[in-house]
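One structure is given here, and the rest of the page talks about it.
Chain letters run A, B, ... following the sequence lines, proteins first, then strands; residues in each count from 1. Because the structure is a prediction, the values reported are computed rather than measured.
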Amino acid sequence: MYRLKPHLFNLNYTLDCGQVFRWEREGNWWTGVVGDHVIRLSQENGQLIIDSTLTPEFFSHYFRFDDDLPSIYESINRDLLIDRAIRKYQGLRLIRQDPWECLISYMLATASSIPTIQRRIYLLSRTFGQEIEPGYFTFPDPETLANANPAALERCKLGFRAPSIKAAAEEVASGELDLNVLFRLEYKYARERFMRLRGIGEKVADCVLLFAFGKLEAFPVDTHIKQIIQHYHIDDSYFETCTSMSCMGDWGREYFGQYCGYAQEYLYYQKRVEGFVSLY
DNA sequence: TCCCAGGAAAACA
DNA sequence: TGTTTTCATGGG
């Protein structure tokens with residue numbers, strides 16, 4: 001057990017905002033599985049309290065403490081709505097997730113509520129992962145999911161997503177899709193590579209690139225983000241010439257700039273927690 | 001019973 | 001090319 005004093009960090013917002021699905025809160029403590037470690041975290045007066053054998057460097061990397069939030073805020077602060085979100089949810093940081101786990105997590109997240117997603121990931125881990133503590137399991141590796149018994153996979157409640165998830169696992173397990181290579185690709189090309197997989201469209205690709213590959217220029221457009229843009233009539237003139245939904249991602253990049261991924265996450269969380277907020 | 005949820009892809013017009 | 005429907009699942 002030890003403490004860190006990160007600058008401008010809010011643990012609750014960071015773990016609750018919907019980017020990760022394997023952390024659960026009990027009172028002031030969060031418990032989660034990262035890799036093959038069960039980690040317990042809390043925060044008091046800005047200090048991060050860590051119950052884990054993992055190093056400070058690990059958490060600094062995981063929580064992106066190297067991101068200069070003040071300058072990111074300045075860079076994305078384009079209007080009253082995002083201004084409110086970055087004030088209210090100050091300290092929310094993007095997390096560096098494991099690419100493989102993040103890929104499967106967002107594939108099985110399509111058209112599902114967050115509790116449903118969490119349940120599916122738990123079932124997958126319980127069925128195909130290793131138990132590292134009573135009740136806590138590692139995320140199954142690509143080989144295991146690629147060779148998974150279809151009936152057992154069915155019992156994880158993946159629904160219509162099961163075939164594409166199995167296919168993706170086979171592609172990663174065979175080496176046909178090398179996730180490590182994608183780190184070196186530019187956002188645009190890594191995105192195209194992901195979208196060649198069945199079950200991965202623009203939104204899922206953007207989530208994986210943002211949350212696992214550190215592509216902060218990814219701007220995932222989910223149902224909440226669509227509603228926000230339409231409800232507040234943000235930049236209506238842009239959408240007169242660009243009417244298809246697929247251009248909302250391009251809009252986000254142009255509007256918020258190189259750190260639009262952060263903007264997206266703050267807007268998304270604000271909408272989930274508070275709905276359409278008043279700006280007066 | 002209907003509608004929506006961190007959607008994608010086939011079917012349709 | 002843009003719009004609608006379908007696909008499982010769970011919760012309100």
Side-chain angles (χ1 to χ4, degrees), chain A residues 13-23 85 89 92-95 97-99 101-124 126-127 148 150-169 171 191-213 215-216 218-231 239-253 256 260-276:
Chain A
Y13 295 156
T14 299
L15 293 180
D16 185 55
C17 71
Q19 57 178 326
V20 283
F21 303 109
R22 301 197 77 200
W23 287 91
Y89 300 103
L92 189 169
R93 285 178 182 271
L94 293 176
I95 287 176
Q97 301 186 38
D98 173 74
E101 179 175 332
C102 188
L103 171 65
I104 299 303
S105 296
Y106 279 92
M107 286 184 75
L108 60 77
T110 58
S112 309
S113 65
I114 288 177
T116 301
I117 299 164
Q118 293 171 326
R119 178 161 175 269
R120 287 189 189 129
I121 294 174
Y122 171 73
L123 289 173
L124 264 186
R126 194 186 68 181
T127 308
L153 209 54
E154 188 88 11
R155 284 193 290 275
C156 295
K157 302 298 179 183
L158 303 181
F160 59 84
R161 307 158 191 83
S164 41
I165 285 171
K166 190 170 168 66
E171 202 161 316
R191 190 176 193 252
E192 287 175 0
R193 178 63 187 93
F194 273 131
M195 288 176 62
R196 281 165 49 193
L197 298 182
R198 187 173 188 78
I200 299 187
E202 299 182 334
K203 190 269 173 183
V204 171
D206 278 341
C207 282
V208 178
L209 290 169
L210 179 60
F211 299 137
F213 290 83
K215 306 293 189 191
L216 303 186
F219 190 82
V221 179
D222 78 315
T223 171
H224 288 292
I225 294 298
K226 283 176 190 168
Q227 290 177 34
I228 288 170
I229 295 172
Q230 292 168 342
H231 178 85
F239 295 101
E240 284 176 12
T241 54
C242 184
T243 54
S244 82
M245 281 305 197
S246 71
C247 67
M248 284 192 176
D250 293 328
W251 168 81
R253 259 179 296 289
F256 292 110
C260 62
Y262 261 102
Q264 190 275 353
E265 202 55 21
Y266 277 75
L267 292 177
Y268 170 80
Y269 190 39
Q270 177 173 252
K271 165 69 167 57
R272 252 191 62 217
V273 174
E274 306 182 74
F276 297 118

Under 4.0 Å between any heavy atoms, over every strand shown, what does [X] touch: base, sugar-phosphate, or nothing? Just pick one.
X	value
A:Ala111	base
A:Gly18	base
A:Leu158	nothing
A:Thr223	sugar-phosphate
A:Phe211	base
A:Leu197	sugar-phosphate

Does A:Arg198 have a side-chain nitrogen or oxygen under 4.0 Å from the phosphate oxygens OP1 or OP2 of B:dA10? yes
Taking only side-chain nitrogens and oxygens of A:Gln227, does any of them come within less than 4.0 Å of OP1 or OP2 of B:dA5? yes
Whole-Å [atom1] distance, [N] and [M]:
N	M	atom1	answer
C:dT5	B:dC2	P	15 Å
C:dT4	B:dC3	P	15 Å
B:dA8	C:dG11	P	23 Å

Protein-nucleotide distance ([X], atom [atom1]; [N], atom [atom2]), rounded to Å:
X	N	atom1	atom2	value
A:Lys203	B:dA9	NZ	P	13 Å
A:Arg161	B:dG7	CZ	P	9 Å
A:Met248	C:dG2	CE	P	14 Å
A:Arg272	B:dC4	CZ	C1'	15 Å
A:Leu103	B:dA8	CG	P	12 Å
A:Arg120	C:dC7	CZ	C1'	11 Å
A:Phe160	C:dA8	CZ	P	8 Å
A:Met107	C:dA8	CE	C1'	15 Å

Mind checking salt bridge (Lys or Arg N to Asp or Glu O under 4.0 Å) for A:Arg119 and listing every partner two or more places apart, or none if nothing turns up? none
With sequence neighbours excluded, residues passing salt bridge (Lys or Arg N to Asp or Glu O under 4.0 Å) with A:Glu192: none
Between the protein and nucleotides 10-12 of chain C, which nitrogen or oxygen pairs are less than 3.5 angstrom apart?
{"unit_1": "C:dG10", "atom_1": "OP1", "unit_2": "A:Arg119", "atom_2": "NH1", "d": "3.0"}

Ring pair (Phe, Tyr, Trp, His ring centres under 6.0 Å) partners of [X], counting only residues at least two apart:
X	answer
A:Tyr89	A:Tyr13, A:Tyr269
A:Tyr106	A:Phe21, A:Phe211
A:Phe239	A:Trp251

Which residue, A:Cys17 or A:Met195, contacts DNA chain B at a nucleotide closer to its 5' end, judged by nearest heavy atom? A:Cys17
Between A:Arg120 and A:Ser112, do the side chains contain an N or O donor and an N or O acceptor separated by less than 3.5 Å? yes
Residues A:Thr110 and A:Arg161: side-chain donor-acceptor under 3.5 angstrom: yes
Show the numbers, then the answer: is there a salt bridge (Lys or Arg N to Asp or Glu O under 4.0 Å) between A:Arg253 and A:Asp250? CA-CA 5 Å; A:Arg253 259 179 296 289; A:Asp250 293 328; 3.1 Å; yes
